[in-house]
Amino acid sequence: MRWWSRLGLRGRLTLIAVAGLAIGLTLGGALLVFALQATLSRALDNSARDSGREVAALVRAGKLPDPIPAGERVATIQVVDRSDRIVATSAGADRLVPVLHADEIGAARGGQRFDVPGDRAGLATPLRVVAVPAGDETVLVAVSRSELTQSVGLVRNVLLVAFPALVAVLGLVAWRAVGWTLRPVEALRRGAEEIANAGSPASRLPVPATGDEVARLATTLNGMLSRLTASQQRQRAFVADAAHELRSPVASIRTQLEVAQRLGDRADWPDVAGDLLVDTERLSRLTEDLLLLARSADSDEAAARMARRAERVDLAALVTDVADRYETARVPVTALLDVPAEVHGDPAALARVVGNLLDNAVRHAETEVVASVSVQGDEAVVVVTDDGPGIPPADRDRVFDRFTRLDDGRARDEGGSGLGLAIVAELVAAHHGAVTLTAAHHRDRNVGGTGGPGLRAEVRLPLLPETP
């Protein structure tokens with residue numbers, strides 16, 4: 001089948017179209033010839049039968065002349081008795097031998113028609129013979145089939161001559177039509193080649209104004225290119241930010257080691273080891289955060305991974321456990337738990353969500369951090385509030401981007417990498433939930449501090465139905 005693949009799409013489609021047309025024309029021509037032959041045969045039979053009825057009427061009236069007058073299309077007429085003996089004929093017809101054999105005469109009396117050679121009647125053309133009963137006698141009428149044969153042959157020859165030319169013309173039309181139809185596809189191919197040579201999916205494919213399947217394909221491909229461009233830009237930004245963030249602790253570790261190496265025995269190695277340990281821990285946390293974000297880049301894969309680890313989790317108990325880890329934090333962390341709230345999720349991932357929110361709140365709070373759990377409709381709600389400087393409304397969505405740190409937060413940051421809230425957003429999305437940031441409003445019952453406007457981080461997750 002190599003020849004088939006070498007034809008190309010245009011050649012294959014054209015060949016399929018021509019083959020279909022050829023088969024259709026062949027069947028149509030055969031049907032036309034068959035219908036013409038059947039129509040002419042029926043007309044010939046009707047003509048012979050009419051002549052036979054006229055002669056039969058004369059036989060029944062006893063007025064049969066001899067010879068029997070025959071019409072223009074009638075070749076011969078014979079009247080035979082019950083013993084198949086000829087009793088009368090048309091002029092020039094054989095008076096001794098019937099045009100049909102004895103067994104054929106019997107079948108003809110039953111309505112069957114026969115095609116016989118013309119030499120039975122002394123003629124060169126084939127004959128069509130019908131029988132018409134006339135009392136005890138039978139009228140045999142033979143008509144020439146020459147006109148029928150000539151007409152059918154003429155039509156057959158015309159079709160055989162015209163058929164190849166017609167197929168060739170239709171093949172040329174199909175070739176042009178397929179080429180015109182595939183022209184937008186070729187434009188898409190050239191556009192894709194230009195994009196591939198440019199090495200960037202930022203360009204777009206041409207969309208034809210036809211509104212057909214090719215136009216919808218081009219629109220879909222352009223949407224895919226847009227997503228690839230956005231993904232590529234996010235990947236480049238992520239790699240650049242990750243390299244920048246990793247450079248800081250690595251540079252700090254290198255600087256401390258170089259200074260300690262120059263000081264030699266005068267260096268305070270325990271202090272150096274402590275400082276290096278702090279930077280190493282920061283580097284380790286940053287590496288773990290980057291790995292987590294890289295794994296959650298595909299939201300579908302992340303959701304599937306969470307589903308494999310998921311179990312029934314009581315958020316009230318989980319928040320209590322996480323809050324207990326902050327007994328020695330710079331500000332007190334209080335847990336307010338209204339009712340148990342069970343969700344379906346990964347306990348470690350949900351603990352990471354609460355821990356990141358508490359880390360962020362403790363880092364910026366003035367006097368207090370409050371974590372609460374409640375149930376609202378079919379959702380479990382976790383709220384972490386602080387009385388710190390808060391976040392301006394214009395920046396509350398931006399802080400969920402990776403490596404985003406506001407100026408005030410950056411000045412107060414103690415080792416934060418700007419990945420905490422990004423991780424929260426990724427993990428909450430993998431649990432089919434939502435996270436939002438608003439002002440804390442300290443006069444609410446949750447926060448009684450005297451610091452700044454504060455921040456209220458709210459996480460909503462689908463609540464599991466109560467077990468009976």
Side-chain angles (χ1 to χ4, degrees), residues 24-163:
L25 289 175
T26 301
L27 294 177
L31 182 62
L32 175 62
V33 172
F34 175 80
L36 178 63
Q37 185 172 2
T39 301
L40 293 178
S41 296
R42 189 179 299 109
L44 201 63
D45 292 341
N46 292 335
S47 176
R49 192 176 292 108
D50 291 340
S51 297
R53 288 170 181 168
E54 293 176 358
V55 174
L58 294 175
V59 172
R60 284 192 291 269
K63 299 179 179 181
L64 182 66
D66 191 11
I68 302 171
E72 180 180 358
R73 296 184 177 181
V74 176
T76 181
I77 299 176
Q78 294 175 329
V79 179
V80 297
D81 57 13
R82 289 173 176 262
S83 301
D84 298 338
R85 289 178 299 182
I86 299 175
V87 297
T89 64
S90 60
D94 194 334
R95 292 179 173 271
L96 298 177
V97 181
V99 71
L100 294 180
H101 299 154
D103 55 341
E104 293 175 341
I105 294 176
R109 290 190 178 105
Q112 186 173 349
R113 290 156 292 191
F114 289 91
D115 293 324
V116 299
D119 57 4
R120 292 190 184 185
L123 300 175
T125 60
L127 302 175
R128 181 83 165 175
V129 182
V130 299
V132 178
D136 293 338
E137 297 174 338
T138 302
V139 180
L140 300 178
V141 181
V143 294
S144 175
R145 287 176 48 88
S146 60
E147 293 185 4
L148 183 150
T149 304
Q150 291 175 0
S151 298
V152 174
L154 177 62
V155 172
R156 184 185 297 112
N157 293 334
V158 169
L159 291 178
L160 290 176
V161 172
F163 179 79

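Along the sequence shown, residues carry numbers from 1. Just so you know, these numbers use all the heavy atoms, side chains as well, and skip hydrogens, waters and symmetry mates.
When all heavy atoms are compared, the tightest approach of Phe114 to Ala107 is CZ-CB, 3.6 Å. The two residues Pro133 and Ala56 make their nearest non-hydrogen contact at O-CB, 3.8 Å. The minimum heavy-atom distance linking Pro67 with Ser90 is given by the pair CB-C, 3.9 Å.
Distance check, rounded to the nearest 0.5 Å: CG of Leu36 to CG of Leu31 gives 11.0 Å. In this structure, the separation between CG on Leu58 and CD1 on Ile68 is 8.5 Å, given to the nearest 0.5 Å.
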- Task: Check the pair Val74, Val141 against side-chain contact (heavy atoms from CB on, under 4.5 Å), reporting the backbone distance first and the verdict last.
- Result: CA-CA 7 Å; Val74 176; Val141 181; 3.9 Å; yes

- Test log, rule side-chain contact (heavy atoms from CB on, under 4.5 Å), inputs Asp45 and Arg128: CA-CA 8 Å; Asp45 292 341; Arg128 181 83 165 175; 2.7 Å; yes

- Task: Please assess Leu100 against Val116 for the test side-chain contact (heavy atoms from CB on, under 4.5 Å), listing each intermediate value before the final yes or no.
- Result: CA-CA 8 Å; Leu100 294 180; Val116 299; 3.9 Å; yes

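The side-chain hydrogen bond (donor to acceptor under 3.5 Å, both in side chains) pairs that include a residue from residues 25-41 number zero, where partners must be two or more places apart or lie in different chains. Under the salt bridge (charged side-chain N to carboxylate O under 4.0 Å, His left out) criterion, the residue pairs touching residues 133-142 are Arg82-Asp136, with sequence neighbours excluded. For residues 90-101, the set of pairs meeting the salt bridge (charged side-chain N to carboxylate O under 4.0 Å, His left out) definition, not counting sequence neighbours, comprises Asp66-Arg95. Among residues at least two apart or in separate chains, side-chain hydrogen bond (donor to acceptor under 3.5 Å, both in side chains) pairs with a member in residues 49-64 are Asn46-Arg49. Sorted by first and then second residue, the pairs that involve residues 100-110 and meet salt bridge (charged side-chain N to carboxylate O under 4.0 Å, His left out), not counting sequence neighbours, are Asp84-Arg109, Glu104-Arg120.
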Which donor-acceptor pairs under 3.5 Å do the side chains of residues 147-163 make with protein atoms, sequence neighbours left out?
{"from": "Thr149", "atom 1": "OG1", "to": "Arg145", "atom 2": "O", "distance (Å)": "2.9"}
{"from": "Ser151", "atom 1": "OG", "to": "Glu147", "atom 2": "O", "distance (Å)": "2.9"}
{"from": "Asn157", "atom 1": "ND2", "to": "Gly153", "atom 2": "O", "distance (Å)": "3.1"}

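Looking at heavy atoms from C-beta onward, Val55 lies in side-chain contact with Leu64 at the 4.5 angstrom threshold. Side-chain contact between Ile77 and Leu140 is absent, with no heavy atoms from C-beta onward closer than 4.5 Å. Between Ile105 and Pro98, some side-chain heavy-atom pair lies under the 4.5 Å cut-off. Taking 4.5 Å as the limit, every side-chain heavy atom of Asp115 sits out of range of all side-chain heavy atoms of Leu127.
In this structure, Ser83 contributes its side chain and Arg85 its backbone to no donor-acceptor pair below 3.5 Å. Formation of a donor-acceptor pair under 3.5 Å by the Gln78 side chain with backbone atoms of Val99 is found in this model.
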